[in-house]
*Asks:* 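Structure below; questions to follow.
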Amino acid sequence: MKTTVRYFASIVAALAALAPVYWLITISLKREVDQFAYPPRWIAFHATLQHYAEAFGGGSFAIYFLNSVALAGMSTLAALLIGVPAAYGLARFEWPRRWDQRVGDWILSTRMLPPIVTIVPLFLMLRGVGLINTLAGLAIVYTGFNLPFVVWMMRGFFDEVPREMEEAAMLDGDSRAGALLRIVLPLVKPGLAATAVFCLVFAWNEFLFALILTQTEAAMTLPVGIASRVTQYEIQWGAMSAAGVVAMLPVLVFASAAQKYLVRGLSLGAVKG
Amino acid sequence: MGLELDRVTKRFGGREVVSRVSLTGEDGEFVVLLGPSGCGKTTLLRMIAGLEAPDEGAIRLGGADITAKDARDRDLAMVFQSYALYPHMTVARNIGYPLRVRKHNAAEIARRVEDVAARLGLRKLLENFPRQLSGGERQRVALARAIVRRPRAFLMDEPLSNLDARLRVEMRAELKHLQHELAVVTVYVTHDQAEAMTLAHRIAVMRDGKIQQYDTPSNVYHRPANTFVAGFVGSPAMNLIEQGNRTLGVRPEDVELASFEQPGYTPARVWVTEEMGNETVVVLSAGDRQITARAPSGFRADFDSPAWFRFRAGREHWFDSSGQRIADPA
């Protein structure tokens, strides 16, 4: 009885979660006449790939896609390259007068203000250095937003690794950097993977900054590109859905590849061992 | 020209955890730092290792001052209480790690890992991961990693405390033999006085960051420098009885028992007896104090039964009001 209820509840939840995805996929495959047919055509419709051809054939969505890949990759890499050593430093070194705590809190505090209030200053700064409408400019902004997250996540993971691991490595003749690379990082790999996935997903889905800071076709990202199909005269549901489906794929692939790590990474420290 | 500590001091937040500790360990000597938890023995070991920097004093190894050197440049090997094996590496890679970071070539690393593994009975386990090993096996891997290169000193931080009692005694003997073969100055930290007595050439008994006595196990046992050492070393502990402004110390084996009244004996009652197999520990209550005695294994006595005792002549230790040994008891 209890099991039945549980199954029923999980099926309802799964349906609720997957229905929009299903709707998105079917819209991307439907001809325009079928898209808003009433009653809705859930299964029986004439499938077509014309929207995919529309969206990616002309080239613009392909550019947005590559832009998003480059942007997510660059900003994630940069956030990890800067954030991981910072997290390690905060986790391992005691600074006088508890400054390690204070610096940590200060880093976290940068996440506390609503992102929208930084738009205008960011716009002015990027314009000042000529990085407006460039992927590099946007990558810097994303890196900045992901950094506190990386520092706080990784600091927690580093705290879980016994100090004796590095001490043993250093007595064995390794430098601290060597111990970090060869001993500590392999041990926090699940945490590292989980952190990287979150950074990637943030950069991949981000809309607000991309919309304001990049207005040219050459630097447009997928979310903005998709939204740009809502025009003054028509809404290109088919092309938008096709692009939306494609936009989901990398995240799905990456998340399922890292799933093993994600679960372990997120529960690391919650349960020992 | 072994290891030399010269007035080494360490403070944590204004509190002195190690105070002006000086001691030397000759080449090949087995030095044990013995003391209760919080006495500063581990901090002292970590300063020798280069994991903590002393606030004052100097540490010399082979005549050269290493006080300011990084841990990696001191050429020491350390065995940690937790073993600190690298969980993501096989036994072979764990043991070979000190050689790999020193950029020895692969063939030589393989040969030396093989040698050490054979010596410590680890050959069948080389491809296993630490999580697949028992406590005793992990302990051996940690030792193997320490001896795979020839360091100038071994440091050991309670390496046996995570093993069960039987294995601990086994490993203790093995460790002693190994240290003898390698003949490298070894500093070993423990709170277990039996380990200290059995392993050490010399024991440094520590309390509150200070060395109370640094001497051979025999002298520490038979001529304790003060009441702390007297009470800490030996099991069961020495009887310490205050008499006026002095303290009388008598080891349990120097308490003679009688089950009937005899001249020179003091009456008491049996508080408890502990049968050990090879002997029986008898705790008597005499007035408001307890006296511990060692009796032969056949000794039997009921709770609260009467018993008589006396202290064996010439085996008393005397300490003054500050607890220091009085060489010539008056």
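Chain letters run A, B, ... following the sequence lines, proteins first and then strands; every chain starts at 1.
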*Asks:* Heavy-atom pairs under 4.5 Å with chain A: which of B:P87, B:A142, B:P151 has the most?
*Replies:* B:P87
*Asks:* Do you know the tightest heavy-atom contact between B:Y97 and A:A169?
*Replies:* OH-CB, 3.7 Å
*Asks:* Who in residues 68-81 of chain B is close to chain A, using a strict under-4.5 Å heavy-atom cut-off?
*Replies:* B:A71, B:R72, B:L76, B:M78, B:F80
*Asks:* Check whether any side-chain heavy atom of A:P186 lies under 4.5 Å from a side-chain heavy atom of B:M89, and answer yes or no.
*Replies:* no
*Asks:* Is chain B contacted by the side chain of A:R176, its backbone, both, or neither, given a heavy-atom distance below 4.5 Å?
*Replies:* neither
*Asks:* Could you have a look at A:D172, A:L171, A:I183 and say which one has the most heavy-atom pairs with chain B under 4.5 angstrom?
*Replies:* A:D172
*Asks:* For B:R149, is it the side chain, the backbone, both, or neither that has a heavy atom closer than 4.5 Å to a heavy atom of chain A?
*Replies:* side chain
*Asks:* Does A:R182 reach the side chain of B:V101, with side-chain heavy atoms less than 4.5 Å apart?
*Replies:* yes
*Asks:* Chain A contacts: which residues in residues 118-135 of chain B have a non-hydrogen atom closer than 4.5 Å to it?
*Replies:* none
*Asks:* Is it true that, when you exclude A:E94 itself, more than 12 heavy atoms of the residues, nucleotides or ligands shown sit nearer than 6.0 Å to its CD?
*Replies:* no
*Asks:* Do you know which two heavy atoms are closest between B:R145 and A:A168, and how far apart they sit?
*Replies:* NH2-CB, 3.6 Å
*Asks:* Within a 6.0 Å radius of atom CH2 on A:W95, are there more than 12 heavy atoms belonging to other residues, nucleotides or ligands?
*Replies:* yes
*Asks:* Quick one: do B:R46 and A:E167 satisfy side-chain contact (heavy atoms from CB on, under 4.5 Å)? Show the steps, please.
*Replies:* CA-CA 10 Å; B:R46 290 172 59 83; A:E167 292 175 351; 2.7 Å; yes
*Asks:* Please look at B:L99 and chain A and tell me whether the side chain, the backbone, both or neither of the residue comes under 4.5 angstrom of a heavy atom of that chain.
*Replies:* neither
*Asks:* Which heavy atom of B:L85 sits nearest to which heavy atom of A:M165, and what is that distance?
*Replies:* O-CE, 3.0 Å
*Asks:* For A:F93, is the CZ atom crowded, meaning more than 12 foreign heavy atoms sit under 6.0 Å from it?
*Replies:* yes
*Asks:* More than 12 non-hydrogen atoms from neighbouring residues, nucleotides or ligands closer than 6.0 Å to CZ on A:R102, yes or no?
*Replies:* yes
